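FYI, side chains are in, hydrogens and waters are out, and symmetry mates aren't considered; it's all heavy atoms of this structure. Everything numeric in this text was worked out from a predicted model, so none of it was measured.
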Amino acid sequence: QVQLVESGGGLVQAGGSLRLSCAASGRLFSINTMGWYRQTPGKQRELVARIRSGGSTNYADSVKGRFTISRDNAKNTVYLHMNSLKPEDTAVYYCAADGVSGSSPPRLFDSWGQGTQVTVSS
């Protein structure tokens, strides 16, 4: 079983910055894609950014130029650097990862973290 634990959420004023972290643990063989999603009440969860094992990235149009996703493969950790935050960025942010577990036999996994609240005040 692969677990994801997020950290770094909180309250920040508009224009400020936050960095989210997400560490994967458990029986891991390889991680393919790691990403961040967000959700507000009454809305569907949406992709914020994702990064593949080779380093290619995708961003939601709403965060391009403000957010940067990165990963440390040695630590099985993904980061989301959020700058120029806006009140509309307020949401619960979820980490997600997929890959191959280290179980015997190896299995594909697709895991989610429990979420971390980001609140941007105007």
Side-chain angles (χ1 to χ4, degrees):
Q1 187 175 1
V2 177
Q3 297 85 34
L4 301 178
V5 178
E6 301 112 332
S7 61
L11 173 64
V12 64
Q13 288 187 333
S17 300
L18 281 176
R19 188 186 80 160
L20 305 183
S21 301
C22 171
S25 63
R27 302 183 71 179
L28 286 165
F29 177 74
S30 64
I31 301 176
N32 181 21
T33 303
M34 303 186 82
W36 291 95
Y37 293 73
R38 66 187 181 187
Q39 189 170 23
T40 54
K43 293 189 177 181
Q44 287 189 333
R45 194 171 297 185
E46 63 174 2
L47 173 69
V48 177
R50 61 186 171 201
I51 182 168
R52 296 174 179 80
S53 56
S56 62
T57 58
N58 295 103
Y59 292 92
D61 288 343
S62 59
V63 307
K64 284 181 180 177
R66 300 188 298 122
F67 291 10
T68 302
I69 190 170
S70 62
R71 64 191 281 176
D72 184 334
N73 291 327
K75 296 181 179 180
N76 294 325
T77 299
V78 63
Y79 305 96
L80 185 68
H81 303 261
M82 305 185 292
N83 297 319
S84 302
L85 282 160
K86 304 175 181 180
E88 50 263 44
D89 295 317
T90 295
V92 177
Y93 283 70
Y94 296 90
C95 174
D98 63 74
V100 180
S101 72
S103 60
S104 181
R107 297 178 180 176
L108 298 177
F109 72 87
D110 187 351
S111 297
W112 290 84
Q114 292 185 326
T116 185
Q117 177 71 45
V118 171
T119 302
V120 184
S121 63
S122 57

Using a 3.5 Å cut-off and no angle test, enumerate the donor-acceptor pairs between side-chain atoms of residues 73-88 and protein atoms at least two apart in sequence or in another chain.
from, atom 1, to, atom 2, distance (Å)
Asn73, OD1, Arg71, NE, 2.7
Asn73, OD1, Arg71, NH2, 3.3
Thr77, OG1, Lys75, O, 2.9
Asn83, OD1, Ser17, OG, 2.9

Are [X] and [Y] in one and the same hydrophobic cluster, where Ile, Leu, Val, Met, Phe, Trp and Tyr link if side-chain heavy atoms are under 4.5 Å apart?
X      : Y     : answer
Val118 : Val48 : yes
Leu18  : Phe67 : yes
Leu47  : Val92 : yes
Val100 : Leu4  : no

All N/O donor-acceptor pairs, side-chain side in residues 106-116, below 3.5 Å, sequence neighbours left out:
from, atom 1, to, atom 2, distance (Å)
Ser111, OG, Val2, O, 3.2
Thr116, OG1, Gly9, N, 3.4

Pairwise distance [atom1]([X]) to [atom2]([Y]) - rounded to 0.5 angstrom:
X     : Y      : atom1 : atom2 : result
Ile69 : Tyr59  : CD1   : OH    : 6.5 Å
Glu46 : Gln39  : CD    : CD    : 9.5 Å
Gln1  : Ser101 : CD    : OG    : 10.5 Å

List in chain and number order the residues that pass side-chain contact (heavy atoms from CB on, under 4.5 Å) with Ser121, two or more places apart in sequence or in another chain; answer none if no residue qualifies.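 Only Leu11, Gln13 meet the side-chain contact (heavy atoms from CB on, under 4.5 Å) criterion with Ser121.
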
My understanding is that only residues two or more places apart in sequence, or in another chain, count here; which of them pass salt bridge (charged side-chain N to carboxylate O under 4.0 Å, His left out) with Lys43?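 Applying salt bridge (charged side-chain N to carboxylate O under 4.0 Å, His left out) to Lys43 gives none.
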
For Arg52, salt bridge (charged side-chain N to carboxylate O under 4.0 Å, His left out) partners two or more places apart: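 Result, salt bridge (charged side-chain N to carboxylate O under 4.0 Å, His left out) vs Arg52: none returned.
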
Are Glu6 and Tyr93 close enough that some pair of their side-chain heavy atoms sits under 4.5 Å apart?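 When only atoms from C-beta onward are counted, Tyr93 and Glu6 do not touch, as no gap falls below 4.5 Å.
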
Does anything in residues 20-122 form a disulfide (SG to SG under 2.5 Å)? List the pairs, not counting sequence neighbours.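 Of all non-adjacent pairs touching residues 20-122, those that pass disulfide (SG to SG under 2.5 Å) are Cys22-Cys95.
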
Is it the case that the side chain of Thr90 and the backbone of Val120 share a donor-acceptor pair, with hydrogens and angles ignored and the cut-off at 3.5 Å?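 Side chain of Thr90 to backbone of Val120, a donor-acceptor pair under 3.5 Å: yes, one is there.
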
Considering all heavy atoms of both residues, which atom of Ser62 and which atom of Arg38 are nearest to each other, and what is their separation?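 So the minimum-distance heavy-atom pair works out to OG-NH2, 3.3 Å.
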
